[in-house]
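Atom set for the values below is all heavy atoms of this structure, side chains included, hydrogens, waters and symmetry mates excluded. This structure is a prediction, so every number in the text was calculated from the model and none was measured. Positions are given from 1 along the sequence.
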Amino acid sequence: TGTQGVDWFDCGNWKNLKIPEGGDNVIATGALTNHITVDDGIITIPEAECNNLTIAADATVGGSALILRVNNAGSVLNVYGAFTNNKTLEHTNGQIHYKGNFVNNSTYTHNTAGTAIIDGTVSQTLTGANTFLNLEMNNNSTGLTLNNDITINNSLTLTDGIITTGTNKVLVENNATGAISGQSTDSYINGTLRRKVAAAGSYDFPVGTSTNYEIANINLVTSTITYIDAGFTNPHSGTTMSGLSVDGTPLTDLLDYGFW
């Protein structure tokens with residue numbers, strides 16, 4: 001209801017006068033008195049949590065779209081179930097832990113600081129236009145499937161789990177060579193990775209298949225390229241393209257497992 005203010009951790013702002021716990025479903029709907037802010041918590045409840053979190057399409061404050069803000073360096077929001085945003089989500093600091101599926105049907109802003117963490121224990125999906133400042137992949141189950149392109153403006157940390165893009169892609173807009181880190185056989189991109197690159201630098205492309213990690217590296221010296229797309233195609237079939245060479249030696253055969 002937001003009758004006492006914006007603070008998630010004020011029980012007076014909740015319809016049942018109870019701050020949500022991990023098993024509670026939260027729905028923000030209708031006309032609220034105030035927007036919602038997840039700050040750095042209180043002594044007894046340092047982190048905000050709930051099961052499903054829905055910001056409904058009819059949620060308003062003073063006739064304008066409801067805003068859920070996560071904006072403090074110590075802010076932590078844990079969503080254990082499905083997170084559906086139909087209004088405005090502003091993530092400008094702290095952490096949001098997406099442990100279920102995330103559907104963004106409206107405005108999602110993640111800039112300035114903070115990290116979005118995909119850390120469920122079951123398969124997860126991302127749906128809708130999503131641009132993250134910092135994204136960490138840490139799903140210890142079968143990973144994350146994209147239903148749309150996603151963009152990361154600063155850093156992508158691959159801790160655990162595979163990101164499967166399908167016909168979509170992961171776009172990293174930061175052209176620093178270290179913008180992607182942590183990649184391993186346990187965490188990489190099964191699909192298309194697009195990296196923004198500088199004129200020079202050694203860029204890793206942690207890609208692969210659903211079962212194998214097939215990292216590629218491209219060392220640029222004096223390049224005019226802005227973006228490079230990478231993926232691993234498996235299995236290889238058909239004929240080898242003509243005109244390919246390595247240091248002047250014609251390339252006439254490809255491994256039948258696949259190619260980048």
Testing the 3.5 Å rule here: is there a donor-acceptor pair between the side chains of N78 and E47?
yes
Rounded to the nearest 0.5 Å, the OH atom of Y213 sits from the CG atom of D186 at a distance of 10.0 Å
Is there side-chain contact between T60 and L66, with heavy atoms separated by less than 4.5 Å?
no
Is there a side-chain contact (heavy atoms from CB on, under 4.5 Å) between V172 and R194 once you walk through the steps?
CA-CA 6 Å; V172 178; R194 174 175 292 178; over 6 Å; no
Within this structure, what is the CE-OG1 distance for the pair M137 and T159, rounded to the nearest 0.5 Å?
9.5 Å
Nearest non-hydrogen partners of T3 and G12, listed with the distance
OG1-O, 3.0 Å
Side chains of N217 and D204: is there a donor and an acceptor less than 3.5 Å apart?
yes
Least distance between heavy atoms, Y98 atom then A116 atom:
CE1-CB, 3.8 Å
Give a yes or no on whether the backbone of G143 and the side-chain of S141 come within a donor-acceptor separation of less than 3.5 Å.
no
Side-chain contact test, heavy atoms from C-beta onward, threshold under 4.5 Å: evaluate it for D39 versus W8 and give yes or no.
no
In terms of hydrophobic clusters joined by side-chain contacts under 4.5 Å, are I189 and I162 together?
no
Separation of I225 CD1 from Y203 OH (nearest 0.5 Å):
10.5 Å
Would you find a donor on one side and an acceptor on the other, under 3.5 Å apart, between the side chain of N86 and the backbone of N105?
no
Using modelled atom types and a 3.5 Å cut-off, is there a donor and acceptor pairing between side-chain atoms of T54 and backbone atoms of A56?
no
Check for a donor-acceptor pair, side chain of N51 on one end and backbone N or O of G22 on the other, with a separation under 3.5 Å.
no
Pick from L146, N168, T145: which one makes a side-chain contact (heavy atoms from CB on, under 4.5 Å) with L126?
L146
For T192 and D229, test the side chains for any donor-to-acceptor distance below 3.5 angstrom and give the result as yes or no.
no
Hydrophobic clusters here meaning ILVMFWY residues chained together by side-chain heavy-atom distances under 4.5 Å, can you tell me if W260 and F205 are in one?
yes
Of all pairs that satisfy side-chain hydrogen bond (donor to acceptor under 3.5 Å, both in side chains), the ones with a partner from residues 118-133, not counting sequence neighbours:
H97-D119, K99-D119, N101-T125, S123-T142, Q124-N139, T127-N147
Which atom of V61 lies closest to which atom of T33, heavy atoms considered:
CG1-O, 3.6 Å
With distance as the sole test, does D40 use its side chain to make a donor-acceptor pair with the main-chain N or O of G74 at under 3.5 Å?
no
Verify same cluster id: V197, I152 (apolar side-chain graph, 4.5 Å):
yes
Donor-acceptor contact present, side-chain T151 to main-chain L171, <3.5 Å:
no
We want to know whether T109 and E90 form a side-chain donor-acceptor pair, criterion being a heavy-atom distance below 3.5 angstrom.
no
N93/N72 under side chain to side chain donor-acceptor pair (under 3.5 Å): CA gap, chis, key distance, verdict:
CA-CA 5 Å; N93 213 333; N72 186 287; over 6 Å; no
Is it the case that the side chain of S223 and the backbone of A199 share a donor-acceptor pair, with hydrogens and angles ignored and the cut-off at 3.5 Å?
no
I'd like to know if the side chain of N138 and the backbone of I118 have a donor-acceptor N/O pair within less than 3.5 Å.
no
Taking N134 as the fixed residue, which of N154, N153, N174 is the one that meets the side chain to side chain donor-acceptor pair (under 3.5 Å) rule?
N154
Rounded to the nearest 0.5 angstrom, the NE2-CG distance for H110 and L135 is 8.5 Å
Between K18 and D24, does at least one N-O distance fall below 4.0 Å, as a salt bridge requires?
yes
Which heavy-atom pair separates F232 from T209 by the least distance, and what is that distance?
CD2-CG2, 3.7 Å
same_hphob_cluster(V79, F9) at 4.5 Å side-chain heavy-atom cutoff:
yes
Using 0.5 Å steps for rounding, measure from the CG atom of L68 to the OH atom of Y108.
10.5 Å
